[in-house]
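The structure under discussion appears below in the form of structure tokens.
Just so you know, ligand 1 is whichever comes first in the structure, and atom 1 is the first atom listed for that ligand. For reference, positions follow the sequence shown, starting with 1. In this text, all values refer to a predicted model and were calculated from it rather than measured experimentally.
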Amino acid sequence: TRIKGDYRYEIGELASTLNYMADEIVRSNQIKDDFISSISHELRTPLTSIKGWSETLVSGGYDPEETKLGVGIISRESDRLIGLVEEILDFSKLQQNEMKLSMGQVDIKVLLQETLLNIWAKAEKKRIHLLLECEETIFTRGDANRLKQVFLNLVDNAVKFSPEDSSIVLSAERLSSTEMAVTVRDSGIGISEAHLSRVRDRFFQVDALNGGTGLGLAISQQIVELHHGKLEMDSELGKGTQVTVILPLVEVEQEKS
Ligand code: ADP
């Protein structure tokens, strides 16, 4: 039997801790390698298309319609690149605890309406119906742009993983005098129980072929936590996913007319 205080016991403990740390380092290096290869691919795809189209257009001889098509693709792919780079920069800011919030009173209904307007065209392409169910005058304190980024990311995922002709519901309701819940509900492909606990981990993706960086949910969760809120997920494979963001509720004095 091993007695605590016995050096053999302590060396044994130390060895197993070191082993555990070595495994963790190997595992996190593997995650980083996977991330670098997937991000390189994500960056290369739009760049290849931008380069291809600009070379084609520079060589000249195209009619206005073809030129318009090419310039349109260059502009869209540039937006995609900017989005990717911003996501990586946000992630790195959060890692270093350097994301600054510009706090103010946020009208959730207005924010959710703006979110849906931003994603409308993308949903339309899949004939997905976007529904808003929101109480009037429901306010939180926070950074409106950052909160919009969170809801955009959640609705964007919902659109990405939903079939054509389905519906996505964005709703907000008071839970108590101090809390509200904003929910994004889709009836898409869903997430298995085994994956559900991991999708909010940085870099994690159920299927790397879907594109993206695996950072969206990790960033969203951290932004919500900076607002003293919580991000919860519920899902059933083949049925759909529900993401709930709990945020502080603030009472706003209504102007008397
Ligand atoms: P990405 O930007 O790569 O989509 P996220 O962190 O936003 O990264 O999501 C991580 C993974 O979680 C996605 O790749 C996908 O596998 C899964 N996921 C996220 N939202 C949904 C959803 N609404 N329905 C099904 N799967 C989802």
**Report entry** Element-labelled atoms of ligand 1 that are located less than 4.0 Å from some non-hydrogen atom of Gly212
**Finding:** 3 (O)

Query raised in the report: Which atoms of ligand 1 have any heavy atom of Gly216 under 4.0 Å away?
Result: 5 (P), 6 (O), 7 (O), 8 (O)

Query raised in the report: By number and element, which atoms of ligand 1 are closer than 4.0 Å to a non-hydrogen atom of Thr213?
Result: 2 (O), 3 (O)

Query raised in the report: Relative to the heavy atoms of Leu217, which atoms of ligand 1 are at a distance of less than 4.0 Å?
Result: 5 (P), 6 (O), 7 (O), 9 (O), 19 (C)

Query raised in the report: Tell me: protein heavy atom nearest atom 23 (N) of ligand 1, and distance?
Result: Asp186 OD2, 2.9 Å

Query raised in the report: Can you check whether Asp165 reaches Ile128 side chain to side chain, under 4.5 Å on heavy atoms?
Result: no

Query raised in the report: At what distance is the nearest protein heavy atom to atom 26 (N) of ligand 1, and which residue and atom is it?
Result: Ile191 CG1, 3.4 Å

Requested in this report: Run the contact test for Gly188 against ligand 1 with a 4.0 Å cut-off on heavy atoms, strictly below, and give the result.
Outcome: no

Query raised in the report: Judged by non-hydrogen atoms, does Lys160 sit under 4.0 Å from ligand 1?
Result: yes

Report summary line: of all protein heavy atoms, closest to atom 21 (C) of ligand 1 is Phe161 CD1, 3.5 Å

Query raised in the report: So, is Gly214 polar-close to ligand 1, with some N/O to N/O distance under 3.5 Å?
Result: yes

Report task. Could you tell me whether Ile189 and ligand 1 have an N or O pair separated by under 3.5 Å? Result -> no

Query - Sub-4.0 Å atoms of ligand 1 with respect to non-hydrogen atoms of Gln205 - result: 3 (O), 14 (O)

Report task. Check ligand 1 against Phe204 and write out every atom of the ligand that is under 4.0 Å from a heavy-atom position of the residue. Result -> 10 (C), 11 (C)

Query - Sub-4.5 Å side-chain heavy-atom contact between Val245 and His227 - result: no

Query raised in the report: What protein heavy atom sits nearest atom 12 (O) of ligand 1, and how far away is it?
Result: Val199 CG1, 3.3 Å

